Structure formats: C-alpha cells, structure tokens
Amino acid sequence: MQPYSDYDPFAWLYATHWGAEYHEQALAILDQLILQQLPHGASILDLCCGDGRLTCALHARGFDVAGIDGSECMLAFARARCPAVPFVAADARTFESDRRFDLVLSTFDALNHVMTPGDFHRVCLRAHEAVQPGGYFAFDLNREEAYTYLWSTTSAQVEPDMVSVAVGSYSPKTRIADCDITLFRLIAENWERSGFKLSQFCHAQDDVLNSLYAANFATVKVFDACQDLGMWGNIGKGRSYFLARRGI
C-alpha cells in the first residue's frame, strides 16, 4: 500500500529544487536532539524518507540506515542517491520490519501528512514495534503557527528548467493545510504543465503526547526548533521536535 502515491508528481520538484533550507540544518539539529547519544554504527530507520537526502547523510556518517516511504517516485531518487541503503515502499501506519532499530526517525514535518489523530496513533504503534528496548523515536511536526503565518501564502519559483507557483491555505476549524502547486517543467525543449496538492494536518501537541504514551513509549520530550535547538530562518518557525524513548 502506498498511501502518498498522489505525491509522486511532487518528487521531481522536491528532489531537484525544494528542501535545501531544511536539509542544510538537519544534521546539526539532529546531533543536538539525539545523534550524539547514539554509538557509532547505530541502526536508524528513516521513516517517510522522501528522496533520501538525510538517509544518505546518515549513511555517510557511519550509521546503519534503512528508509521507508510511500512514494515510489521519491524512492527512485533515494535509490539513485545512495544505492547502498535499502529503501522500501511502505505505509507509515502499517509497515512491518524484521529488525529492531536504535532510532526510528521522521523529519521535515513528514508526519503532518498523516491526516487524522487515529492514523497518527497507528504510526506511533508501528514505531514502537520497530525500535528496540531503550531505543528512540524522533520526529518533528509543524504547529499551528507554521500554517497560519507560513503556509497561508502564495509564492513562486523560477529556474531555467521550471517555474512553480504554490498557493497555500489553512483552516483552523478542520486543522487542515493545503498547498496547490502548479508546475511548468522544461522537458526536451518543451514546457509541460502539471498540478498537484499537498495536504497536512495540524496535530495538537496533547494528542501527539497521548498517542506516544498510549503506544507505550516510556518518556517523551518536546523541543522548540528555534528556541531549544537553534534552527534559523522561516523553516524553524512553528516547528516542534519530539523525542520518545521506549522502555528498557
């Protein structure tokens, strides 16, 4: 099952032109959050790994990594980027693994794409099953501030091989944020147009904590991306990091 295959058209745009601001800070932020606590060669599952940028960076650091994502198109970029890493197409709510990891990691608000609190709880259950006793589940989520002040805008990007226009919106009533993207891409000297929508759900912090504890994680810590971890720029505004530990 590939629940986010609707995002396949987004894969090229993301892999070639999006995400640089987040990824240039990701390792430093994760070092503070959890990576420095892990031994060399520790095993990490990158859940909702996307195009594999972070997975490959962790592999280069000497970690034993694997990646899971719902989009085969995203995974095609990931496999090309780092052939030595095993990447598997799977649903974050239902995936199974024969091995247990020191850390299950999900970054860049990937879990905001899980669109209900019930499904988020299912992700927590699967993460708890995938992490070994004493291991960790770390992830970040957008808070309502990010949707109110950052998503609810219109932006455009112009590059030699593409033009994209993103129109965002957020409903406080439904807690759903949408971003409608129109993409013009230059392919073989012809401009081709496509359109697609990205949707996220603003999970309340209390619901997130309840889901983690209900999934039997023993301890949970919450960090503000900017104030606690030093993330700079708009990418950190309204972003929280969660670090849950399974009991020993």
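Quantities reported herein were computed from a predicted structural model and do not represent experimental measurements. The analysis underlying the following values was restricted to heavy atoms, covering all of them including side chains, and did not include hydrogens, waters or symmetry mates.
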**Item:** N-O pairing of R239 and E145 below 4.0 Å
**Value:** no
**Prompt:** Heavy-atom distance under 4.5 Å between the side chains of Q157 and W18, does that happen here?
**Reply:** yes
**Message:** Taking the six-membered ring for Trp, are H128 and F137 closer than 6.0 Å centroid to centroid?
**Reply:** no
**Item:** CD1-CG distance between I44 and L30, expressed to the nearest 0.5 angstrom
**Value:** 8.5 Å
**Prompt:** Under the side chain to side chain contact (heavy atoms under 4.5 Å, CB included) criterion, do L105 and L58 qualify, and how do the steps go?
**Reply:** CA-CA 11 Å; L105 180 66; L58 293 169; 3.9 Å; yes
**Prompt:** Is L103 close to L45 at the side-chain level, that is, under 4.5 Å between some pair of heavy atoms?
**Reply:** no
**Asked** Which pair of non-hydrogen atoms, one from H203 and one from L111, has the smallest distance, and what is that distance?
**Response** NE2-O, 3.7 Å
**Message:** Would a single hydrophobic cluster contain both V222 and V123, if residues Ile, Leu, Val, Met, Phe, Trp and Tyr are joined by side-chain heavy-atom contacts under 4.5 Å?
**Reply:** yes
**Message:** Is there a path of hydrophobic side-chain contacts, each under 4.5 Å between heavy atoms, that joins V65 and L38?
**Reply:** yes
**Message:** Are the side chains of D91 and I68 in contact, using a 4.5 Å heavy-atom criterion?
**Reply:** no
Using a 3.5 Å cut-off and no angle test, enumerate the donor-acceptor pairs between side-chain atoms of residues 205-214 and protein atoms at least two apart in sequence or in another chain.
| residue | atom | partner | partner atom | Å |
| --- | --- | --- | --- | --- |
| N210 | ND2 | D206 | O | 3.1 |
| S211 | OG | D207 | O | 3.1 |

**Prompt:** Which residues satisfy the salt bridge (charged side-chain N to carboxylate O under 4.0 Å, His left out) test with R99, sequence neighbours excluded?
**Reply:** D64
**Asked** Does some side-chain heavy atom of D46 sit less than 4.5 Å from a side-chain heavy atom of F101?
**Response** no
**Complete:** Rounding to 0.5 Å, atoms CG (L13) and CG (D51) come to a distance of 11.0 Å
**Request:** Show your reasoning for whether salt bridge (Lys or Arg N to Asp or Glu O under 4.0 Å) applies to E159 and R185.
**Result:** CA-CA 9 Å; E159 304 291 346; R185 182 180 171 189; over 6 Å; no
**Asked** Where does the angle between the aromatic ring planes of W151 and Y147 fall among parallel (under 30°), tilted (30 to 60°) and perpendicular (over 60°)?
**Response** perpendicular
**Message:** As a quick check of understanding, evaluate side chain to side chain contact (heavy atoms under 4.5 Å, CB included) for C49 and F87, giving each step before the final call.
**Reply:** CA-CA 9 Å; C49 64; F87 291 100; 3.7 Å; yes
**Interatomic spacing from CG in N216 to CG in L125 - rounded to 0.5 Å** = 8.0 Å
**Prompt:** If you group Ile, Leu, Val, Met, Phe, Trp and Tyr by side-chain heavy-atom gaps below 4.5 Å, do V220 and V131 land in one group?
**Reply:** yes
**Fill in**
The remaining residues in the hydrophobic cluster of F184, counting side-chain heavy-atom contacts under 4.5 Å among Ile, Leu, Val, Met, Phe, Trp and Tyr, are V158, V163, L186, W191
**NZ/NE/NH1/NH2 to OD/OE distance under 4.0 Å, R53 and E24** = no
**Asked** Under 6.0 Å between ring centres, would you say that holds for W12 and F77?
**Response** no
**Message:** I need the T116 OG1 to R122 CZ distance, nearest 0.5 Å.
**Reply:** 8.0 Å
**Request:** If the plane angle is over 60° it's perpendicular, under 30° parallel, otherwise tilted; pick one for Y22 and F108.
**Result:** parallel
**Prompt:** Quick one: does I181's side chain get under 4.5 Å of F10's, heavy atoms only?
**Reply:** yes
**Asked** Is any side-chain heavy atom of R93 less than 4.5 Å from a side-chain heavy atom of F120?
**Response** no
**Asked** Apart from V165 itself, what residues make up its hydrophobic cluster when side-chain heavy atoms of I, L, V, M, F, W and Y under 4.5 Å apart count as a link, directly or indirectly?
**Response** V167
**Request:** Any pair with a residue in residues 221-235 that passes side-chain hydrogen bond (donor to acceptor under 3.5 Å, both in side chains), sequence neighbours left out, goes on the list, sorted by first then second residue, please.
**Result:** Q25-W232, R143-D224, N234-K237
**Item:** Qualifying side-chain hydrogen bond (donor to acceptor under 3.5 Å, both in side chains) pairs, either residue in residues 161-179, two or more places apart
**Value:** H17-D161, E144-Y170, S171-T174, D178-S199
